[in-house]
Every structure is written in structure tokens, then in C-alpha cells.
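First the structure, in the form of C-alpha cells, and then the observations on it.
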Amino acid sequence: FYMLSPRFLIASLLISFWCSNVVGQQNTETVARDLHASISKGSADLLSSKYPRLSLGEANEIQDAYVEIELKSKAIGGYKAGFTSSGAQEKWGVSSPVSAVLFAGGKFRGSPVIDIADYQKLFIEMEIGFVLAREITQPVVSVEDLMKYIQHMVPVIELPNLPFRSLKSVTAADLVATNMASKNWLVGQPINIDMLTSQVTAKLYQDDELIDSGTVSNRSRLEALLWLVNERLRRGWPLKSGNTLITGVVGRINPAKQACYVADYGDLGQLISFEVIHSEKNKFNGVSCLAEQ
């Protein structure tokens, strides 16, 4: 055996460090700009295809830079948590939830008609949201302490847009880097926090056919909310009065189709209706199915 030279050892250490820091801090903004430019033109390749070892930490840094670009023309409306269930974390190969920004201009109310042609790949998720009564500036210790910051809760339909050319090999890091595909979110009427019973069941109907349902516990939503608040504070993002925080999908992530949708939030006493059309393929006959309700 022979002794390795100090120069060889130093080179090996540098290579090892470079491999562990796949994107490189100095390139985070460049990667975000390139990603944003690709999505603005139509769709993007998966970052994981270029950076196979892209970590969630690096994806968060890219997300922050990506959101800063968006904030030149948009405002923060709130935040969202993803992968909040153990099943979702196992599926996506992560050990904790992830988070992203909701933009104020992406907020829908009422019963909108949504054109699928405005999205690369539109999906539909049922969620529970919480609206902040006042600013949060310090970490919150417990769910009980968190309650004094909550004005009310709202049923939410999130309408994420997955901006990738292919979803075949999409990873958690790909999603995180693109701000968790955040685009639009449809908000129901305010509900007193006291209405949050031990569990919430929501059902999604597509042209009167049940396509999705899910049940989540009160505690799991509040724990996801607590995590989201503290995660966003840790990363230096503001939590303002009026921000809406959504806490993870209830049920599944559903690909959108041209149809009339109704989400029934059960004991919360609300229905949210909306229509998805496809104008570019001339599938809209000009008469909304919502008019029948």
C-alpha cells in the first residue's frame, strides 16, 4: 500500500463536497431564473433530470429564489403545506412535510369557470384552510397557543398547475423547487373554528359522480398548521393578518377534466361548486353546468 498525497486527499474532499452540494449556493438564483423562464414559456424539464441528487434543502433555496421572481408582480396571499400525512411522505420519499407560497392573485371565490387551457397540467385538491387574525412573528410552541392567532377556517379547493413536460419521474424536490406547483385556490365561506369537530370528511363529485373522498382528524390539520407556521418563520417569510394557510390534501390529488365539480365538506356545512372547461379544444358550449344548480 502507498500513502495518498495531501494534494490527492484535498482534491478528493473537494469533489466529495461538490457532489454533496449538487446545485451550489452561488447557482441557486440562476437555476431559479432558468426554471422560471422555462415555465413562463410553456413548461420545464424536471430539475431532477439535470441534478439527480438534488436535495430538499437545495430545492427550498431554489423555491425561495423562484418565489422572489414571482413577487415582482404578485403578492403573498398565504402558504400551503404538502406531504402532511405519513402515507404521502412515504410515497414521495421524504421525512417531513414541505411548504410553498400561495399568491393573492390566484385566489378564487364563488363558483368560477376555470379554463384548463390556462394550465399545463391542472389538478384538484380538497383542503382545509385557516385565516390568520394577526401577524405571527415568533415561533409558536403548541396548537393551543396557535389558536389565538386564528380568525376562522375555510374550505379550500387548491388548483395546482404542474408545469413539467413529463410527470413520469417527478420527485419531491422537483415539486418543491417550483413552489409546489402553486397557482390558484378557491376559497369557501368563513367557518367558526369551533365548528372543527374531531374529524372532517370531504367528498368531490365530478358531473354528479363521486370521484374522491377523504377524512382527516382535527388534530392532524392543526398540527400541520403549527408546522407550517414555524417552518415559514424559520425560513424568514412573513405571516400577516389575513393570510390563508392550507394544511394538506383531504383525499387524493385529482387530474382535472372538463366537467362540473362539487366539493361537499360534510359537517362543516359547505358545498363548493366550480366548472372546468377547455376553450382551446372547443369543448365549451357556452352554457355553464353551474346554471343547472
Side-chain angles (χ1 to χ4, degrees), residues 67 71 74-86 88-89 96-110 125-160 179-180 182-203 214-251 263-272:
V67 170
L71 290 178
K74 299 178 181 180
I76 294 174
Y79 301 96
K80 66 171 181 171
F83 309 154
T84 55
S85 71
S86 57
Q89 290 170 25
S96 68
V98 297
S99 67
V101 174
L102 297 173
F103 297 109
K107 183 178 180 179
F108 291 152
R109 292 186 181 275
E125 302 178 16
M126 297 182 290
E127 305 241 3
I128 303 295
F130 299 86
V131 178
L132 296 183
R134 55 195 180 95
E135 183 178 18
I136 304 177
T137 59
Q138 298 294 327
V140 183
V141 175
S142 67
V143 165
E144 289 70 28
D145 289 342
L146 183 61
M147 300 307 290
K148 63 187 178 184
Y149 293 101
I150 307 303
Q151 184 175 16
H152 55 255
M153 59 183 182
V154 284
V156 176
I157 298 293
E158 195 197 355
L159 300 161
N179 193 38
M180 288 299 288
S182 179
K183 183 163 178 123
N184 294 112
W185 41 299
L186 171 56
V187 178
Q189 295 300 312
I191 301 172
N192 192 301
I193 195 69
D194 294 337
M195 288 285 291
L196 191 58
T197 55
S198 60
Q199 62 183 30
V200 173
T201 296
K203 297 179 180 180
T215 300
V216 292
S217 72
N218 164 3
R219 191 74 187 181
S220 73
R221 295 304 88 184
L222 293 175
E223 287 176 350
L225 178 64
L226 179 66
W227 177 88
L228 180 57
V229 164
N230 287 327
E231 169 68 3
R232 280 289 144 176
L233 287 173
R234 182 187 69 80
R235 287 170 61 180
W237 290 89
L239 289 157
K240 302 289 189 179
S241 172
N243 284 168
T244 301
L245 280 66
I246 60 177
T247 51
V249 62
V250 182
D264 183 348
Y265 281 81
D267 290 343
L268 295 183
Q270 280 202 44
L271 301 176
I272 296 181

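Side chains included, hydrogens not; waters and symmetry mates left out as well; all remaining heavy atoms used. Here, residue 1 is the first one in the sequence, and each next residue gets the next number.
For the atom pair CG (N179) and OG (S99), the distance works out to 8.5 Å, reported to the nearest 0.5 Å. Between the CD1 atom in I272 and the CE atom in M126 there is a gap of 10.0 Å [rounded to 0.5 Å]. Here NE2 of H152 is found 9.0 Å from CD of Q189. Values are rounded to the nearest 0.5 Å. One distance of note links CZ of F130 with CD1 of I191; it measures 10.0 Å at 0.5 Å rounding. Atom CD in E125 sits 6.0 Å away from atom NZ in K80 (nearest 0.5 Å).
Within 6.0 Å of NZ in K183 there are more than 12 heavy atoms belonging to other residues, nucleotides or ligands. In the displayed structure, D267 atom CG is contacted under 6.0 Å by at most 12 heavy atoms of other residues, nucleotides or ligands.
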Can L239 and Y149 be said to form a side chain to side chain contact (heavy atoms under 4.5 Å, CB included), step by step? CA-CA 10 Å; L239 289 157; Y149 293 101; over 6 Å; no
Would K74 and V101 satisfy side chain to side chain contact (heavy atoms under 4.5 Å, CB included), going step by step from the backbone distance to the final call? CA-CA 11 Å; K74 299 178 181 180; V101 174; over 6 Å; no
Pair T84, R221 - check side chain to side chain contact (heavy atoms under 4.5 Å, CB included), show working. CA-CA 9 Å; T84 55; R221 295 304 88 184; 3.7 Å; yes
Check against side chain to side chain contact (heavy atoms under 4.5 Å, CB included), Y265 and I128: CA-CA 9 Å; Y265 281 81; I128 303 295; 4.0 Å; yes
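Under the 3.5 Å distance criterion, the side-chain polar atoms of W185 are left unmatched by any main-chain donor or acceptor of A104.
Residues R219 and E144 are paired through a salt bridge, judged by an N-O separation under 4.0 Å between the basic side chain and the carboxylate.
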